[in-house]
Amino acid sequence: MRYNFLEIEKKWQNYWSKNQTFQAINNSSKPKYYVLDMFPYPSGAGLHVGHPLGYIASDIYARYKRHKGFNVLHPQGYDSFGLPAEQYAIQTGQHPAITTETNINRYREQLDRMGFSFDWSREVRTSKPEYYKWTQWIFLLLFDSYYDKKEDKSKSISDLVIQFEKDGNEFILAECDADTPLFTADNWNSFSANKKEQILLKYRLTYISETEVNWCEEMGTILANDEIVNGMSERGGYPVTKKKMKQWSMRIGAYAERLLQGLETIDWPDSLKEMQRNWIGKSTGALVKFKVKGHEDVIEVFTTRPDTLYGVTFMTLAPELDLVQKITSEQQKEAVNSYVTQTAQRSERDRMSDVKTISGVFTGAYAIHPLTDEEIPIWIGDYVLAGYGTGAVMAVPCGDQRDYDFATHFNISIKNIFSETDISKEAYTDKGAGVKLQDSDFLNGMEYSEAMKVVIKYLEETGSGKGTINYRLRDAIFSRQRYWGEPIPIYYKEGLPVPIPSDCLPLELPQVDNYLPTSDGAPPLGNANKWAWDIKKNQVVDNSLIDQVNIFPLELNTMPGWAGSSWYFNRYMDASNTAEFVSKEAVSYWKEVDLYLGGSEHATGHLLYSRFWQKFLFDLGFLPVEEYAKKLINQGMILGSSAFIYRKKGTQEYLSKGLIEGVEVEPIRVDVSLVNLSDELDCEAVKKWQSQFEKATFIYENGVYKVGREVEKMSKSKYNVVNPDQICDDFGADTLRMYEMFLGPIEQAKPWNTAGMSGVHSFLKKMWKLSHPENDFSLSDEAPSPESLKTLHQTIKKVTEDIENFSFNTCISAFMICVNELSSQKCNHKLIIEPLTVLLAPFAPHFSEEIWSLLGHDESIVYAEYPMYEEKYLIESTKNYPVSFNGKMRFTRELSLDLTAKEIEEIILSDEQTKKHLDGRQPKKIIVVPGKIINIVG
RNA sequence: GCCUCGGUGGCGGAACUGGUAGACGCGCUGGAUUCAAAAUCCAGUUCUUUCGGGAGUGUGGGUUCGAUUCCCACCCGAGGUACCA
């Protein structure tokens, strides 16, 4: 019998699905282990070979952990709300729910073919009402909470109201909008309900406000900061401009410090942690108040260098600030206004592309230096951003390069406060030790760190400033002007948002007959006829009934893509619970994800937002841990290898790759499926593939047409997509799984090359042959030879270590070496093959199941115990062991064969020469590597 | 510019604490088997050589008995970020 992978794989996939083999239980005497993949967005294009890379790795680990005796949770689901389904709906009128369903079915089919051990009974889909009910429920919790900075946690907004009633807000330390007014208890109690609600909105963790947003005209929606790349939309690449709009936001800034601190406690890649740190962007400094000459107003600036306060020679404000209008003098009015309009019109991209151009206008106003009382000219300039700090900077040209350039450009005076430095060409930005301050009154002679402390203390004492920490992280905009997302469970009464009662959830997406925004610019939900809330009946009713008494209009925006993905990992623990988002029992059993696998592109989006929600739900006591993923691994992308044919300029002649030198050709991509494993093109197929090639003439070399190759991102438009179904047909899922792992380290990006498949495929065939010596399954019951045992145990050791280190590529090398050795030893002993089958099961599960059942086992191999290695079989027969002590000693001696590491250690320590060298010192560690060198570490 | 990671044969990539660089696979070369092909198996494959050897892990230095590995400077590539005060 030959290795019939198609039959075997089908058989075991059916077996697993029929027996629900991988269903996890929510309690067990075994230790728990939770392996999670980032769930996919089911796109219409289906999967290509790059997608399952992470799923294969996590599946190997999950299966390995099951063998090791863990109760493993390994779920999968779909992030099924999103833009492409909606755009498809706009084009075709087909409801996104239908396309989504179709795509999911296709995904499921493809995933099933690869033999994943997912527990599908826990599947989640973010677009299902049973799921988004809880996304809405979390939204309402956020709406009903504020962040208490004293206790450093989120609490119910009703606690805040109690404090307002008692003491007003003057002494309350809570995260709120910058423009929140101060009031006393008496004030509060005299406020109207409407006014009270307006104030509370400034404290709620999700709130509505007029904000400057990233507006994308072409897409008709606003975008979050992490959805913008180079000033263009991440999806589609459309230009993005700034616009003021009323929007829902999440007060993620309240959690900035905890999000930063939490990174220390989790085992995530350093690069990813660093990205999050940069995104949060903590900087320590001071807020300094400057009075404006002849005005009541005070300008507050944030600076990280208060020590350079005496070097301030001017001040710059962001042009968008309201204050600019107030303080501008009559003479400068015109110039300022034209500058302000000009900057408002520039798109984000324009502004970024000419960073080097210095522009700005003098306002005619002067600020008073808080320490010297000198008059300082106030300028506006677009290098100052309204959204960071206070939107105003104190300019110290001698210590900051931008200030220096600005001052030089506009001929503003520069004062050097650093002794013994040369600032004739550029600013002195170093804050290292050695340079002392001068011309700085009481700071004279001090260095950076001392001056910082002294000046902050002085500012605080005189009331002209205070030490502060500032974060770059801005509140996350939460509304999207889209149809295919979670409805926000809010209705509007007297212009203010009111939550619908949480026991009325889910608030289901209404039917609309047009998925585009309405003619007056309202989001697509504005097209719904039945989208009003009846507070008496507590249900959705017809818009025509809106009376502003009992029936009110519902929110038209929907939630962004990251809403549903910010908590799904908790839902898997208890996916079918209809009473809670996850039960206390389930979450206290599974607690958190032990291993999370996904791409690093989510570093500043999903992976930050989800940590935020986790911390919030933890604060309210719904979850037992503050960080939801203990360990995270980023899998690298699999790149495509595009195929090129070369058209001779101006002709229909296409030259084979070897013939293009010296000829003027244009390379054109062809579909990689039209090229065989030796890079030879199927010319007839190309002619049929696209009409532009119908009349093509192909010029061969050595009788074939060879294509050129180039490594690029795998994508449909580059015709370099390789379909996993095709690979499963040709080589089998087990070969695909092993080959994807063999390609290289998981974290690394690496190019796909189908030709390499034959290597791992023939490994499986060889292994099959071992157990089928004369084409029939037959194993010897005799005791295996010492060589075979050594081979087996070497493999067990290497494979085990490599799995633990997620080094799956070297694991597969070990398997290959093992089978090559066993083949040359003609070993078909049951005592070797049986443990090897278990060892291989995580990688090639169908293959192993088949051998396992041929071995006469009734139960699935999933329950087989992972083999242990025996050290005594591992010592190589080697003559020479050079021994060194801390790199200072070296000699060679003979050792007899087949000793354990322990025995070798004893021999070395009893050796006269070793004793002499050690000279009474105790070695800390003796490292024995078979066939290699022995190190004695002192 | 800044931050992070990386640079090893024709290619993907090995080399654990410094200890025989190039494991394993692809490709290539030769051979066996076959009427032939597929499949399979065996041998070879860093470069160079006067067949003794010599050179070699981006470049140049350093530490060390010994460096792909550690230190310094530089070059190149990938990803992130960008007037962040």
Side-chain angles (χ1 to χ4, degrees), chain A residues 2 229-231 269-279 281-283 285 301-306 308 315-316 318 351-352 354-359 381-385 387-396 399-403 405-406 470-474 600-601 603-604 634 636-637 641 677-679 709 711 738-739 742-745 747-763 765-766 769 798 801-802 805 807 809-818 820 823-824 880 882-884 886-890 924-925 927 929 931-935 937:
Chain A
R2 51 173 267 278
V229 180
N230 287 330
D270 288 335
S271 59
L272 195 145
K273 287 190 188 179
E274 200 56 33
M275 272 194 237
Q276 292 209 342
R277 280 189 203 108
N278 291 339
W279 194 260
K282 179 178 182 173
S283 50
V301 299
F302 174 73
T303 175
T304 53
R305 296 294 301 276
T308 63
M315 191 170 232
T316 320
R351 212 161 147 172
M352 280 164 70
D354 60 21
V355 167
K356 286 186 189 77
T357 323
I358 296 162
S359 71
D382 66 2
Y383 80 94
V384 179
L385 305 173
Y388 182 77
T390 58
V393 302
M394 59 176 226
V396 185
D400 182 284
Q401 195 54 46
R402 286 171 324 233
D403 295 347
D405 296 340
F406 197 88
N470 204 21
Y471 299 93
R472 198 189 82 115
L473 182 70
R474 282 179 244 169
S600 59
E601 67 272 21
T604 51
N634 287 131
M637 236 189 303
S641 141
L677 294 184
S678 315
D679 285 359
R709 291 283 192 175
V711 172
M738 292 191 82
Y739 184 55
F742 185 62
L743 234 34
E747 320 85 49
Q748 235 170 66
K750 56 234 155 209
W752 177 264
N753 170 22
T754 307
M757 302 269 318
S758 63
V760 279
H761 191 60
S762 65
F763 156 76
K765 283 197 283 192
K766 279 181 207 167
K769 238 178 171 175
K798 176 81 176 132
E801 281 170 3
D802 285 350
N805 296 324
S807 175
N809 53 332
T810 52
C811 239
I812 290 163
S813 296
F815 278 119
M816 288 174 171
I817 295 167
C818 175
N820 284 342
S823 302
S824 66
N880 298 324
V883 178
S884 69
N886 272 358
K888 295 291 180 198
M889 176 186 89
R890 153 178 281 222
K924 271 187 197 150
K925 188 160 80 166
I927 302 161
V929 182
K932 284 216 172 172
I933 279 153
I934 299 172
N935 280 324
V937 181

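So that the names make sense, note that chain A is the first sequence line, chain B the second, and so on, each numbered from 1.
Between the C1' atoms of B/G6 and B/G12, the separation comes to 16 Å (whole Å). When the P atom is used for both B/G53 and B/C3, the distance is 49 Å, rounded to whole Å. With both ends at atom C1', the span from B/C83 to B/A14 equals 45 Å, rounded to whole Å. Rounded to a whole angstrom, the distance from the C1' atom of B/C65 to that of B/U49 is 29 Å. For B/U45 and B/A23, the P atoms lie 10 Å apart once the distance is rounded to whole Å. Between B/G27 and B/C71, the two C1' atoms lie 39 Å apart (nearest whole Å). Spacing of C1' atoms, B/U46 relative to B/A82, comes out at 43 Å, to the nearest Å. The C1' atoms of B/C70 and B/G80 are separated by 28 Å, rounded to the nearest whole Å.
Side-chain contact between A/M757 and A/F742: absent, with no pair of heavy atoms (C-beta onward) separated by less than 4.5 Å. Side-chain contact check for A/T754 versus A/Y739: every heavy-atom pair is 4.5 Å or farther apart.
Nearest nucleotide to the side chain of A/K750, out of B/G13, B/A85, B/C83: B/G13. Here the nucleotide nearest the side chain of A/I817, chosen from B/A14, B/A85, B/A23, is B/A23. When distances run from any side-chain atom of A/N278 to the nucleotides B/C83, B/U81, B/C3, the shortest one goes to B/C3.
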Below 3.5 Å is the cut-off: list the nitrogen or oxygen pairs between protein and nucleotides 25-30 of chain B, distance only.
unit_1: B/G25; atom_1: OP1; unit_2: A/N820; atom_2: ND2; d: 3.3

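Between the CD atom of A/E274 and the P atom of B/C3 there is a distance of 10 Å, given to the nearest Å. For A/Y383 and B/A82, the OH to P distance is 19 Å, given to the nearest whole Å. With rounding to whole Å, A/N634 atom CG is found 17 Å from B/U4 atom P. If you measure from atom NE2 of A/H761 to atom P of B/A38, you get 16 Å, rounded to the nearest angstrom. For the pair A/R277 CZ and B/G79 C1', the computed distance is 17 Å after rounding to whole Å. Between A/E747 atom CD and B/G13 atom C1' there is a gap of 13 Å when expressed in whole angstrom units. The interatomic distance linking A/R2 (CZ) with B/U40 (P) rounds to 12 Å, in whole Å. Between the P atom of B/G80 and the CZ atom of A/R472 lies a distance of 14 Å, rounded to the nearest Å.
Among the protein residues, A/Q748 comes within range of the sugar-phosphate backbone only, with heavy atoms under 4.0 Å from sugar or phosphate atoms but none that close to a base. Among the heavy atoms of the strands, none lies under 4.0 Å from A/P269. Looking at heavy-atom distances under 4.0 Å, A/D403 makes no contact with the nucleic acid at all. Within the nucleic acid shown, A/A814 has no heavy atom closer than 4.0 Å to any nucleic acid atom.
No donor-acceptor distance shorter than 3.5 angstrom exists from the side chain of A/K765 to the backbone of A/R2, with no hydrogens or angles considered. Between the side chain of A/D400 and the backbone N or O of A/V396 there is no donor-acceptor pair closer than 3.5 Å.
The glycosidic torsion of B/G9 lies within 90° of 0, placing the base in the syn range.
Under 4.0 angstrom from either OP1 or OP2 of B/A14 there lies at least one side-chain N or O belonging to A/N809. Taking side-chain N and O atoms only, A/K765 has a distance below 4.0 Å to OP1 or OP2 of B/U40.
Evaluated for a side-chain contact (heavy atoms from CB on, under 4.5 Å) with A/E274, the options A/D270, A/L272, A/N278 yield exactly one hit, A/N278.
Take A/S359 and apply the side-chain contact (heavy atoms from CB on, under 4.5 Å) test, not counting sequence neighbours, and it matches A/Y339, A/D382.
More than 12 heavy atoms of other residues, nucleotides or ligands sit less than 6.0 Å from atom CE of A/M816.
Nearest-nucleotide mapping onto RNA chain B: of A/G281 and A/G744, the residue sitting toward the 5' end is A/G744. Of the two residues contacting RNA chain B, namely A/S359 and A/S600, the nearest-nucleotide position lying further toward the 5' end is that of A/S600.
Salt bridge A/R709/A/D679: present, at least one basic N to carboxylate O contact under 4.0 Å.
One side chain, A/D403 or A/Y383, offers a donor N or O that lies under 3.5 Å from an acceptor on the other.
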